[in-house]
**Q** 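Before anything else, here's the structure in question.
A quick note: this is a predicted structure, and the numbers were derived from the prediction, not measured. A note on names: the letters A, B, ... follow the listed sequences, proteins ahead of strands, and every chain is numbered from 1.
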Number of protein chains: 2
Amino acid sequence: MTGVFDALAADRSRLERAGAAQRVAEVLRDHITEGRLAPGTRLSEEALGEALAVSRNTLREAFRLLADQRLVVHELNRGVFVKVLNPGDVADIYTLRLALETAGVRALRSAASERLAAVRAALERAESAEALDDWVTVGTADLHFHQAVAGLAGSERIDECMAGLMAELRLAFAAVPSARGLHEPFLRRNQVLAGLLESGEIDDAEVELTRYLDDARAVIVRAMTGAGGQ
Amino acid sequence: MTGVFDALAADRSRLERAGAAQRVAEVLRDHITEGRLAPGTRLSEEALGEALAVSRNTLREAFRLLADQRLVVHELNRGVFVKVLNPGDVADIYTLRLALETAGVRALRSAASERLAAVRAALERAESAEALDDWVTVGTADLHFHQAVAGLAGSERIDECMAGLMAELRLAFAAVPSARGLHEPFLRRNQVLAGLLESGEIDDAEVELTRYLDDARAVIVRAMTGAGGQ
DNA sequence: GGCTAGGGGATTGTGGAACAATCCGACAAG
DNA sequence: CTTGTCGGATTGTTCCACAATCCCCTAGCC
């Protein structure tokens, strides 16, 4: 049944052209996660439709996609708004993050070797960005690092779930003034975590991961309530 | 800040009137999870729009909602189809289930008491349905039981994630001929698990849960490949 | 003065029709 | 048997119309 075309079949996803709704959703997602659309902004169907040159129907389909990624909230008869994260949301996100990343750590022994390589690769991207003082890129690499940790579980659904969580977290990052103060303290701890994983110390890695996420949550919540928190 | 209206606020979701798209999605979801729409069925926009008396616009919005719950798959220019679960999907679902339910067990000490009560309540619903030989209801209660276990974590996102997973699992259940053979062996193990939780034996509960899910996955995969496997 | 009630304007929710884009199956040609 | 091509059918997208709903503002009342 399976033949020499398996390598091609793996790239099948790249072949699927994106519909207009999907492309619109991607554009909006980028604008939101990069902070160009402030949380709370109302996304008017008419204004956006004109700006992006798509019809209201298509735009509404894009809104559905974004709503399921939790980047916007849809209020009946009022419209869609860029999601406003409150400290409770951040705590909730970190609860789920802990569950998913822990699952990755625990699956370490049965994980494919390239999965572990992805963890190291993300860490190195973060380090080289740090050398260039590019703290936004450090933040991106940090998210990729943790996605790779969860990815050790080798589950499509976990990967997708983490990707959504990370996009949502960017909303919180955008609200924090100093990207450096947010990421620098955790870079070294990423290195520690990667080391524990590569030497197979699962239990220690799990303990470190738990503390790590607890601390990170506290930092973000403090930054949110300190600055523009409601 | 919080006052005497908390109980009312909890019912807020029931108050939000549902748009037509949402109602259509619910109808379709019920038909799919109860097996009345066989996996692989193509959902024609024209035929369904006429049957449900809604426009194509509304129907397409409903399809987006279902696609994000993974109950249907949307293929560009080909339409939407009722999801066909393969054994790989089932394994993937159980990987994520293990992560979420484990998170619930581990949060047992800090869980609100009503969360643990929900676990017991679901178990009792399963037992009374068993006494009536109503194995479909037993299956529903079984899903609720495990949702309640994950719910111990007290995370909105985990709850929502589990709810989606359970709906997807029903697709697999629908493909298994004997509901009794599927659920009966696991009823007693649910009782064991609930006992461990109520007596606070977290580590033992986690071990039992891991074995439980591993066995359940194996049973379903065997049933799928044995009967109507692709 | 502050609160309630109601009206006007704007926006969303839904339906419907039209056309373009795409896919699939059938048939023909090599 | 494979490859090219055509035609029907379905989806993708746009545009328009109208009802439903919400928000703000004003008027009136206590």
**Q** Applying side-chain contact (heavy atoms from CB on, under 4.5 Å), can you list everything that pairs with A:Thr102, at least two apart in sequence or on another chain?
**A**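 Partners of A:Thr102 under the side-chain contact (heavy atoms from CB on, under 4.5 Å) test: A:Leu98, A:Arg106, A:Glu206, A:Leu209, B:Arg106.
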**Q** In a table with atom names and distances, give each donor-acceptor pair under 3.5 Å that connects a side chain of residues 45-53 of chain A to protein atoms at least two apart or in another chain.
**A**
residue, atom, partner, partner atom, Å
A:Glu45, OE1, A:Arg56, NE, 2.9
A:Glu45, OE1, A:Arg56, NH2, 3.2
A:Glu45, OE2, A:Arg60, NH1, 2.8

**Q** Atom CG of B:Leu76 to atom P of C:dC24: distance rounded to whole Å?
**A**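 After rounding, the gap between these two atoms is 11 Å.
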**Q** Are any side-chain N or O atoms of B:Asp92 and backbone N or O atoms of A:Arg157, one a donor and one an acceptor, separated by less than 3.5 Å?
**A** yes
**Q** Have B:Arg97 and B:His146 got a donor and an acceptor in their side chains that come within less than 3.5 Å?
**A**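 Result is yes, a qualifying pair exists.
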**Q** Taking the side chain from A:Thr41 and the backbone from A:Leu37, do they hold a donor-acceptor pair closer than 3.5 Å?
**A**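 Not confirmed, A:Thr41 side chain does not pair with A:Leu37 backbone.
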**Q** Only counting residues at least two apart or in another chain, list the ones meeting side-chain contact (heavy atoms from CB on, under 4.5 Å) with B:Ser55.
**A**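 Testing B:Ser55 for side-chain contact (heavy atoms from CB on, under 4.5 Å), a comparison that skips the adjacent residues, returns B:Asn57, B:Thr58.
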**Q** With a 4.0 Å cutoff (strictly under), does any side-chain N or O of B:Arg42 reach OP1 or OP2 of D:dT11?
**A**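 Looking at the OP1 and OP2 atoms of D:dT11, one of them is under 4.0 Å from a side-chain N or O of B:Arg42.
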**Q** If you take any heavy atom closer than 4.0 Å to DNA chain D, which residues from residues 24-32 of chain A end up in contact?
**A** none
**Q** Would you say A:Arg78 places a side-chain N or O within less than 4.0 Å of OP1 or OP2 belonging to D:dT21?
**A**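 No.
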**Q** Starting from P on C:dT12, measure out to CG on A:Asn77 and report it in whole angstrom.
**A**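 Roughly 10 Å, once rounded to whole Å.
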**Q** Extract all donor-acceptor atom pairs below 3.5 Å that involve side chains of residues 110-119 of chain B and protein atoms in other chains or at least two apart in sequence.
**A**
residue, atom, partner, partner atom, Å
B:Ser110, OG, B:Ala107, O, 3.2
B:Arg115, NH1, B:Gly151, O, 3.1
B:Arg115, NH1, B:Asp159, OD2, 3.4

**Q** Strictly below 4.0 Å: does A:His74 bring a side-chain N or O up to OP1 or OP2 of C:dG13?
**A**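 Answer is yes, contact under 4.0 Å.
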**Q** Residues of residues 43-65 of chain A with any non-hydrogen atom less than 4.0 angstrom from an atom of DNA chain D: list those, numerically ordered, please.
**A**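 Output list: A:Ala53, A:Val54, A:Ser55, A:Arg56, A:Asn57, A:Thr58.
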**Q** Could you tell me whether the side chains of B:Asp214 and B:Tyr94 share a donor-acceptor contact shorter than 3.5 Å?
**A** no
